[in-house]
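This is a predicted model, so every value here is computed, not measured. Within every chain, numbering begins at 1; the chains are lettered A, B, ... in the order of the sequence lines, protein sequences first and strands thereafter.
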Amino acid sequence: DAGITQSPRHKVTETGTPVTLRCHQTENHRYMYWYRQDPGHGLRLIHYSYGVKDTDKGEVSDGYSVSRSKTEDFLLTLESATSSQTSVYFCAISESKRLVGEQFFGPGTRLTVL
Amino acid sequence: AQTVTQSQPEMSVQEAETVTLSCTYDTSESNYYLFWYKQPPSRQMILVIRQEAYKQQNATENRFSVNFQKAAKSFSLKISDSQLGDTAMYFCAFGRGTGNQFYFGTGTSLTVIP
């Protein structure tokens, strides 16, 4: 299994509070991604990173920010959590640039915003 | 923009039988990759099979095979000799030839009946 961990694995928070989710990899892969999974929507890309301090938006980036100060860590921040951000969040990594390679996924974080 | 459509939200199959999951996609790109991921109740995302668009031969991995029809933009997954452990959500995914972004379908929930 690819070395990807996510923390926390479960979190319950209140509307309006900031939340940070962490993804940590031990594979030294260049690309890292944050997805959210919701019933009826599959997985949707929030943000991704193609290197340290290099990030870009995905299709559902509103309300989220990311940072990558080290190759191994990719942080997802909800500045002010809303109930619509209740979801399961997955981090993924991949290596290839020109050749699309497999994405390896972390175990997921279940976030509940009350 | 790329879109991936899985029109079967739920399916069931008898153990040892064969089942086919459908996936269609829309893209204007010529260089891309297609994937099927499995998500069992553990929530872990597991790659089942991968197909490069430039290859005419359909990919096969043990009991899993695909029917890739490039002109029709169709990418179905066939599971032969279904086993109880195949019970899971299955996601079809499209990967662009550059940039490493993935686009997922909404998933098909497969239940294998003993």
Going only through I, L, V, M, F, W and Y residues with side-chain contacts under 4.5 Å, is there a path from [X] to [Y]?
X	Y	value
A:Leu78	A:Val12	no
A:Leu114	A:Leu111	no
B:Val48	B:Val13	yes

Any side-chain to backbone donor/acceptor pair from A:Glu59 onto B:Tyr103? Under 3.5 Å, distance only.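 No.
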Proximity breakdown for A:Leu43 and chain B, heavy-atom pairs closer than 4.5 Å: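 When you check distances to chain B, atoms from both the backbone and side chain of A:Leu43 fall under 4.5 Å.
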For A:Asp54, check side chain to side chain contact (heavy atoms under 4.5 Å, CB included) against everything at least two apart and list the hits.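 A:Asp54 satisfies side chain to side chain contact (heavy atoms under 4.5 Å, CB included) with A:Tyr50 once adjacent residues are dropped.
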Measure the CZ-CG distance between A:Phe105 and B:Leu47 for me, rounded to the nearest 0.5 Å.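 Atom-to-atom, A:Phe105:CZ and B:Leu47:CG are 9.5 Å apart.
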Working to the nearest 0.5 angstrom, can you tell me the gap between A:Gln37 CD and B:Thr106 OG1?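 It comes to 11.0 Å.
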Do B:Phe102 and A:Tyr33 come within less than 4.5 Å of each other through their side chains, counting heavy atoms only?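 Sidechains of A:Tyr33 and B:Phe102: no contact.
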Verify the neighbour count for atom NZ of B:Lys73: are there more than 12 heavy atoms of other residues, nucleotides or ligands below 6.0 Å?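 Atom NZ in B:Lys73 is packed in, count exceeds 12.
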Mark yes when over 12 heavy atoms from residues, nucleotides or ligands other than A:Glu14 sit less than 6.0 Å from its CD; otherwise mark no.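 Check fails, neighbour count at 12 or below.
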Ring pair (Phe, Tyr, Trp, His ring centres under 6.0 Å) between B:Phe104 and A:Tyr35, intermediate numbers included: CA-CA 10 Å; B:Phe104 285 84; A:Tyr35 292 91; 5.5 Å; yes
Option in B:Met45, B:Gln6, B:Arg43 with maximal non-hydrogen atom pairs under 4.5 Å from chain A: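 Of the options given, most contacts go to B:Arg43.
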Between B:Gln39 and chain A, which part of the residue has a heavy atom less than 4.5 Å away: side chain, backbone, both or neither?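 Contact with chain A: side chain only.
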